[in-house]
Amino acid sequence: MVRAVCLVGLTGGFLAISPKLRDTVVDTFAQAATGLEDHSPYSYVGLGIAVFIGLLFYFSRGSAPR
């Protein structure tokens with residue numbers, strides 16, 4: 001949890017001090033949202049399935065014995 005909070009903080013810091021990077025990130029998210037709206041509802045279903053599969057991999061790695 002601490003690692004996630006630190007990564008979010010570092011990302012926010014970089015976005016706060018770099019206007020060019022911030023504009024690039026905002027434009028990328030805007031284009032992604034437009035692409036999702038153009039192909040909805042199938043794109044939302046696909047995105048949900050992709051997130052679900054990603055979470056399955058993430059949680060299975062965390063519960064594996066070391």
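Shown here are the side-chain contact (heavy atoms from CB on, under 4.5 Å) partners of Ser43, two or more places apart in sequence or in another chain: Leu36, His39, Ser40. For Ile49, the side-chain contact (heavy atoms from CB on, under 4.5 Å) test picks out Val45, Ile53, with sequence neighbours left out. Every side-chain contact (heavy atoms from CB on, under 4.5 Å) that Leu55 has, sequence neighbours left out, goes to Val51, Phe59.
With a 6.0 Å radius and a threshold of 12 heavy atoms from other residues, nucleotides or ligands, Tyr44 has its OH atom above the threshold.
Phe29 and Leu21 fall within the same hydrophobic cluster, defined by Ile, Leu, Val, Met, Phe, Trp and Tyr side-chain heavy atoms under 4.5 Å apart, directly or through other members. In the hydrophobic clustering of ILVMFWY residues, with side-chain heavy atoms under 4.5 Å counting as a link, Val26 and Leu15 come out apart.
Panel note: side chain Ser60, backbone Phe57; a donor-acceptor pair is recorded below 3.5 Å. Panel note: side chain Thr24, backbone Lys20; a donor-acceptor pair is recorded below 3.5 Å.
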